[in-house]
Amino acid sequence: MPLATPSPTLAPPTILPAAPCGQQLCSARLCSTLLSSAPGRPPPPCPPPPSSCCHHSPLIALRGWGPQGWTHPTVAPEPSWSDGRKVGRRTPEPEVGSVPGSLTTSSSTIQAMGIKTALPAAELGLYSLVLSGALAYAGRGLLEASQDGAHRKAFRESVRPGWEYIGRKMLRSWMYAVYGALAVLGTMGPWYLLLLLGHCVSLYVASLLGQPWLCLGLGLASLASFKLDPLISWQSGFVTGTFDLQEVLFHGGSGFTVLRCTSFALESCAHPDRRYSLADLLKYNFYLPFFFFGPIMTFDRFHTQMSQVEPVRREGELWRIRAQAGLSVVAVMAVDIFFHFFYILTIPSDLKFANRLPDSALAGLAYSNLVYDWVKAAVLFGVVNTVARLDHLDPPQPPKCITALYVFAETHFDRGINDWLCKYVYDHIGGEHSEVIPELGATVATFAITTLWLGPCDIVYLWSFLNCFGLNFELWVQKLAELGPLAQIEASLSEQMSRRVRALFGAMNFWAIIMYNLVSLNSLEFTELVARRLLLTGFPQTTLAILFVTYCGVQLVKERERTLALEEEQKQDKEKPE
């Protein structure tokens, strides 16, 4: 069966493809680098200069996904591994009798027989097996002995806690920083590394002044310099050479560096007694698994986890890490197979063909586009998190499945960006998020920064406005429901009936989330087609049928949430001292 061929566009992935009007990187969108075999969507309608982005919205701040431009598949560079061997001509062995004192010519025949006689393959295989087994057995015994004796007094001078991938320890945080900086140097060149160091030093100096507003303002100015011309064009010239992923790596490394440095500066202002150093900032920023594609860990979390003297794994954690890695591989294979049969990214580019689809197929097409976007983000986070967890870090978790999202307050695909925005902007302004005016100010400020992160252009403005409105509208409805008449009506209902009513509103909200984010994932024209078919020409049969199916899904999600809440409550009860 023919396979839809993706359009070879260069886009940043979260980490981070570009916004539709300005291709950029985004931590979640980076998954497209891992799923490059999937058919691509048509090029964005208005491709401006690329800029890094995070197409996903933060939990309460960014309630959606970013523009379509970021979803273009890109090809990630495959690491090349070399064992250092050189392929060449062997030095010829000296002939028998050619060296004084060697065997005489009469014994040369016997010597030649020992050198040239071949042995059976089975025998050679047995030798190899015995040798390999012996080495493995000896190595295992040595490893066990080393670990068992790690805490002995005699070992304390030579065995120190530190960096490890498979158990052997070295200077942990410094090793990460040096390795990451060398990787950036080798990939992007020395001038790009110096450029980033300049931004790091400027924000470090600002942190010494202890003024949070100054640190945040300087951080946003640095971020804008990587998003807007002419500074973006000037700074991109610092990259050495030209290669396929140059723009992706440039915008990803630059954008995430600014967010990390801003987090460091704000944490330094919040905790002046801790006196963080420039070395702490460099160790934090140049941790390679997070450097180009994220996710973002706020500095306080990263520093605390990296400073553990004796990091200890929880029981069964290695098994869970292996399971996550295996699941990521399975997801990539499943998506690759899926795209041999379902052209979900290609069909929306042909509106005439899409308009001939049945209503149910069109609704499934819209939904599957968001699911695919979630899968890309989940795979990216899964791969990066696997490496970070091997390093004894607890990185932001993969995004929540789109199927389980039926409120804007929980719609976020990039938990790292969500944590960053909530901590430094949204929660700081909105407080408890229970008042209309502070909440409005908090969401506007949050989505303004998000727009800058994604790269300002018309489609990003529209996406930000719709998701900002959806988040505030939920609070308005909640406040309305708390008024006397409506509150009395709900109080008169049974708990089961109240859940059904709320699930009905959740079903409508679910499709609002899909429509608002379909604008950026595909195009405004395709979104209009879906809305017209499902809400106008398909009313009432199609509208009510899809609403009922969605209602059933929301109820299942609520049941899952209830089960998890009960399990968590039972767990807490067991942990309470009697």
Side-chain angles (χ1 to χ4, degrees), residues 28 56-57 59-60 63-65 320 323-324 327-328 330-331 334-335 338 342 344 358-379 381-382 397-415 418 467 470-471 473-474 477-478 481 490 493-518 521 530-531 533-535 538-572:
H56 305 313
S57 67
L59 166 51
I60 304 239
R63 312 304 190 190
W65 307 273
R320 288 190 291 269
Q324 178 63 55
L327 185 61
S328 299
V330 171
V335 170
F338 178 84
F342 300 92
I344 62 172
D359 292 344
S360 57
L362 189 62
L365 179 62
Y367 169 72
S368 60
N369 269 257
L370 267 73
V371 172
Y372 171 66
D373 192 62
W374 166 76
V375 170
K376 290 194 301 180
V379 170
F381 274 78
Q397 295 301 306
K400 190 175 181 180
C401 179
I402 173 62
T403 305
L405 299 176
Y406 58 90
V407 291
F408 281 90
E410 295 182 358
T411 303
H412 63 284
F413 269 18
D414 189 328
R415 294 181 191 264
N418 172 75
N467 283 273
L471 184 59
F473 185 74
E474 284 181 349
V477 173
Q478 177 184 339
E490 185 175 12
L493 302 176
S494 64
E495 294 183 357
Q496 292 81 2
M497 185 57 66
S498 176
R499 169 174 161 169
R500 297 185 184 104
V501 173
R502 289 179 176 269
L504 180 61
F505 282 99
M508 293 185 288
N509 214 34
F510 178 86
W511 276 100
I513 293 173
I514 290 182
M515 301 303 293
Y516 289 177
N517 291 281
L518 203 60
L521 293 178
V530 175
R533 288 280 301 277
L534 301 187
L535 299 179
F539 185 86
Q541 292 88 348
T542 299
T543 306
L544 295 180
I546 292 177
L547 186 63
F548 177 72
V549 172
T550 308
Y551 166 83
C552 296
V554 172
Q555 284 287 21
L556 294 177
V557 173
K558 283 181 170 290
E559 182 62 23
R560 175 60 176 169
E561 293 174 346
R562 186 189 71 84
T563 302
L564 293 176
L566 291 177
E567 293 177 354
E568 182 65 23
E569 184 178 346
Q570 293 174 358
K571 180 179 178 181
Q572 293 177 356

> Report yes or no: does E474 contribute a side-chain atom to a donor-acceptor pair with the main-chain N or O of F408 at less than 3.5 Å?
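Pair found, side chain donor or acceptor close to backbone of F408.
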> Tell me the closest heavy-atom pair linking N509 and V407, and the distance in Å.
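Residues N509 and V407, closest heavy atoms: ND2-CA, 3.4 Å.
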> Could you give the distance from CG (L365) to OG (S360), rounded to the nearest 0.5 Å?
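One gets 11.0 Å once the value is rounded to the nearest 0.5 Å.
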> Which pair of non-hydrogen atoms, one from G382 and one from Q324, has the smallest distance, and what is that distance?
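Looking at all heavy atoms of both residues, the closest pair is CA-NE2, 3.6 Å.
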> I'd like to know if K571 and E568 make a salt bridge, using a cut-off of under 4.0 Å between side-chain N and carboxylate O.
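Not counted as a salt bridge, because no side-chain N and carboxylate O are separated by less than 4.0 Å.
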> Take atom CZ of R502 as the centre, draw a 6.0 Å sphere, and report whether it contains more than 12 heavy atoms from other residues, nucleotides or ligands.
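No, CZ of R502 has 12 or fewer neighbouring heavy atoms, counting only those of other groups under 6.0 Å.
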> Evaluate the side-chain proximity of R533 to T542: yes if any heavy-atom separation is below 4.5 Å, no if none is.
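Heavy-atom side-chain distance check fails, nothing below 4.5 Å.
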> Minimum heavy-atom separation for V530 to A366, with atom names?
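Looking at all heavy atoms of both residues, the closest pair is CG1-CB, 4.2 Å.
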> Can you check whether L535 reaches F539 side chain to side chain, under 4.5 Å on heavy atoms?
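Not touching, per the 4.5 Å side-chain cut-off.
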> Looking at OG of S368 and CD1 of I402, how far apart are the two atoms once the value is rounded to the nearest 0.5 Å?
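Nearest 0.5 Å value for the OG-CD1 distance: 11.5 Å.
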> First locate atom CG of N517, then atom CG of L521, and finally report the distance between them rounded to the nearest 0.5 Å.
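It is 6.0 Å, given to the nearest 0.5 Å.
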> When rounded to the nearest 0.5 angstrom, what is the spacing between OH in Y516 and CG in L471?
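One finds 11.5 Å between OH of Y516 and CG of L471.
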> Within a strict 4.5 Å, meaning less than it, do heavy atoms of the L556 and R560 side chains meet?
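Not in contact.
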> Stepwise, does the salt bridge (charged side-chain N to carboxylate O under 4.0 Å, His left out) test hold for R562 with E559?
CA-CA 5 Å; R562 186 189 71 84; E559 182 62 23; 2.6 Å; yes
> Specify the closest pair of heavy atoms between S498 and E490, including all atoms of both residues, with the distance to one decimal.
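That would be OG-OE2, 2.8 Å.
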> Tell me, do Y406 and I513 make a side-chain contact under 4.5 Å, heavy atoms counted?
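Result no, sub-4.5 Å side-chain heavy-atom pair not found.
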> If you round to the nearest 0.5 Å, how far is CG of L504 from OH of Y551?
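One gets 7.5 Å once the value is rounded to the nearest 0.5 Å.
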> Nearest 0.5 Å, please: how far is CG in L534 from CD1 in I546?
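Between atom CD1 of I546 and atom CG of L534 there are 4.5 Å.
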> Indicate the atoms forming the closest heavy-atom contact of V379 with A331, along with that distance.
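Taking every non-hydrogen atom into account, CG2-CB, 3.8 Å.
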> Pick one: which of M497, E495, Q496 meets side-chain contact (heavy atoms from CB on, under 4.5 Å) with L493?
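It is M497; the other options fail the test.
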> Side chains of F338 and I344: does their closest heavy-atom pair fall under 4.5 Å?
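Contact flag for F338/I344 side chains = yes.
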> Going by distance alone, is a donor N or O of one side chain under 3.5 Å from an acceptor N or O of the other, for Q555 and R500?
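Note: Q555 and R500 side chains miss the donor-acceptor criterion.
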> Provide the closest heavy-atom pair for G538 versus D359 in the form atom of the first, atom of the second, distance.
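So the minimum-distance heavy-atom pair works out to CA-OD2, 4.1 Å.
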